[in-house]
Protein chains: 2
Amino acid sequence: MDWNRYDAGACSVSRTVGILGDRWTVLVLREVFNGVRRFGEIQEHLGVSKSVLTQRLQQLVDDGVLERQPYQEPGDRARHEYRLTDRGRDLRPVLVAMMDFGDRHLSGGEPPVRLLHRDCGQQVHAQLVCDCGHRVETGREVAIAPGPGAEPLAG
Amino acid sequence: MDWNRYDAGACSVSRTVGILGDRWTVLVLREVFNGVRRFGEIQEHLGVSKSVLTQRLQQLVDDGVLERQPYQEPGDRARHEYRLTDRGRDLRPVLVAMMDFGDRHLSGGEPPVRLLHRDCGQQVHAQLVCDCGHRVETGREVAIAPGPGAEPLAG
DNA sequence: CAGTATCCCAAGCGATACTG
DNA sequence: CAGTATCGCTTGGGATACTG
């Protein structure tokens with residue numbers, strides 16, 4: 001199934017969903033963002049089968065989101081770990097926005113984890129803001145407009 | 001598969017992924033955010049089968065993200081449409097964050113669609129900010145901390 | 001139009017065994 | 001440890017036909 005052939009209308013969402021893949025992919029990313037970078041650790045945290053984890057990590061590497069870094073602790077054999085690329089780091093707002101939603105609506109008001117700003121200790125959220133700095137509070141404040149990459153819909 | 005039993009570490013992400021479900025669910029949400037609210041229109045835009053669309057809409061209603069609103073245009077027969085609930089609207093930052101990522105990395109720099117702030121015409125993005133207003137630019141600025149809803153991991 | 005029901009096929013999963 | 005290979009089994013998909 002080609003996840004990009006639909007509705008040029010907002011296909012950046014569709015393309016990103018294509019990279020986020022399925023549930024496991026997102027949870028793998030969450031682990032990596034949390035500093036869990038080794039195959040075995042990720043597998044243990046998620047309870048996912050090895051074949052699935054292998055496939056998801058491979059896909060994330062192929063998509064340029066993760067990279068496989070060999071490293072060797074002295075006196076130990078060579079290992080490698082999965083690290084975020086620059087591109088991968090740009091997925092953080094997606095994860096944080098998901099976390100915000102879950103905290104608000106699916107955790108009984110008791111967030112299991114918090115993301116804190118080191119400078120001030122305050123909690124970090126994904127906020128809608130416009131390029132000149134206004135916070136966007138409601139959906140009524142936004143309008144959809146075709147961008148430069150828009151294609152006319154067939155049909 | 002219970003998508004919540006893993007790693008209390010950041011399970012708000014996991015719970016939200018459980019609601020976003022699969023790719024189709026996200027694309028359905030995108031349509032609704034874009035004002036496409038009727039079964040047939042959504043189906044046409046997405047090219048999804050009726051059975052799948054039915055199931056996804058039902059799931060979104062069950063999850064409290066959409067609600068089914070009957071309405072009747074004069075001289076026409078009764079219809080209904082799917083509308084975002086307040087909870088559903090809170091998913092917007094997730095969609096916008098995905099759109100931002102896709103625009104930056106997967107669209108060759110030519111965003112197919114833009115989200116504009118009505119007040120000023122500037123583009124809207126999902127930005128990481130902390131509660132006292134600082135913009136968070138890099139991952140190094142954030143720290144993970146257990147929240148009030150944290151549970152110790154078994155094992 | 002907006003679904004529901006059925007069918008059949010393909011993809012995806014975990015479990016297990018095996019490898020460097 | 002970090003995979004790869006294989007294997008049934010289940011799930012989930014589109015297509016189609018049917019219903020109010």
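All chains are named by letter (A, B, ...) in the order of the sequence lines, taking the proteins before the strands, and each is independently numbered beginning at 1.
Remark: R38(A) is not in phosphate contact with dC1(D), judged by side-chain N or O atoms under 4.0 Å from OP1 or OP2. Contact annotation: R56(B) reaches the phosphate of dG13(D) (side-chain N/O to OP1 or OP2, under 4.0 Å).
For L116(A), the side-chain contact (heavy atoms from CB on, under 4.5 Å) test picks out R114(A), Q123(A), A145(B), with sequence neighbours left out. Residues passing the side-chain contact (heavy atoms from CB on, under 4.5 Å) test with T85(B) are E67(B), R87(B), sequence neighbours excluded. For E41(B), the side-chain contact (heavy atoms from CB on, under 4.5 Å) partners at least two apart in sequence or on another chain are V36(B), R38(B). Contacts of H125(B) classified as ring pair (Phe, Tyr, Trp, His ring centres under 6.0 Å), with partners at least two apart in sequence or in another chain: none. Under the rule for a side-chain hydrogen bond (donor to acceptor under 3.5 Å, both in side chains), the partners of R68(A) that lie at least two apart in sequence or sit in another chain are H80(A). Taking the side-chain contact (heavy atoms from CB on, under 4.5 Å) definition, one finds that A97(A) meets it with A126(A), P93(B), V94(B), sequence neighbours left out.
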Are any protein N/O atoms closer than 3.5 Å to N/O atoms in nucleotides 3-8 of chain C? If there are, list each pair with its distance.
| residue | atom | partner | partner atom | Å |
| --- | --- | --- | --- | --- |
| dG3(C) | OP1 | R68(B) | NH2 | 2.9 |
| dG3(C) | OP1 | H80(B) | NE2 | 3.2 |
| dG3(C) | OP1 | Y82(B) | OH | 3.4 |
| dG3(C) | OP2 | H80(B) | NE2 | 3.4 |
| dG3(C) | OP2 | Y82(B) | OH | 2.8 |
| dG3(C) | N7 | K50(B) | NZ | 3.0 |
| dG3(C) | O6 | K50(B) | NZ | 2.6 |

Show me the donor-acceptor pairs within less than 3.5 Å that the side chains of residues 133-140 of chain A make with the rest of the protein, sequence neighbours left out.
| residue | atom | partner | partner atom | Å |
| --- | --- | --- | --- | --- |
| T138(A) | OG1 | R140(A) | N | 3.4 |

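As a whole-Å value, the separation of D22(A) CG from dG12(D) P is 12 Å.
Two end axes, each from the C1' atoms of five base pairs, can be drawn for the helix from dC1(C)-dG20(D) to dG20(C)-dC1(D); they diverge by 50°, to 10 degrees.
In this structure the side chain of L46(B) reaches within 4.5 angstrom of the side chain of E31(B), judged on heavy atoms.
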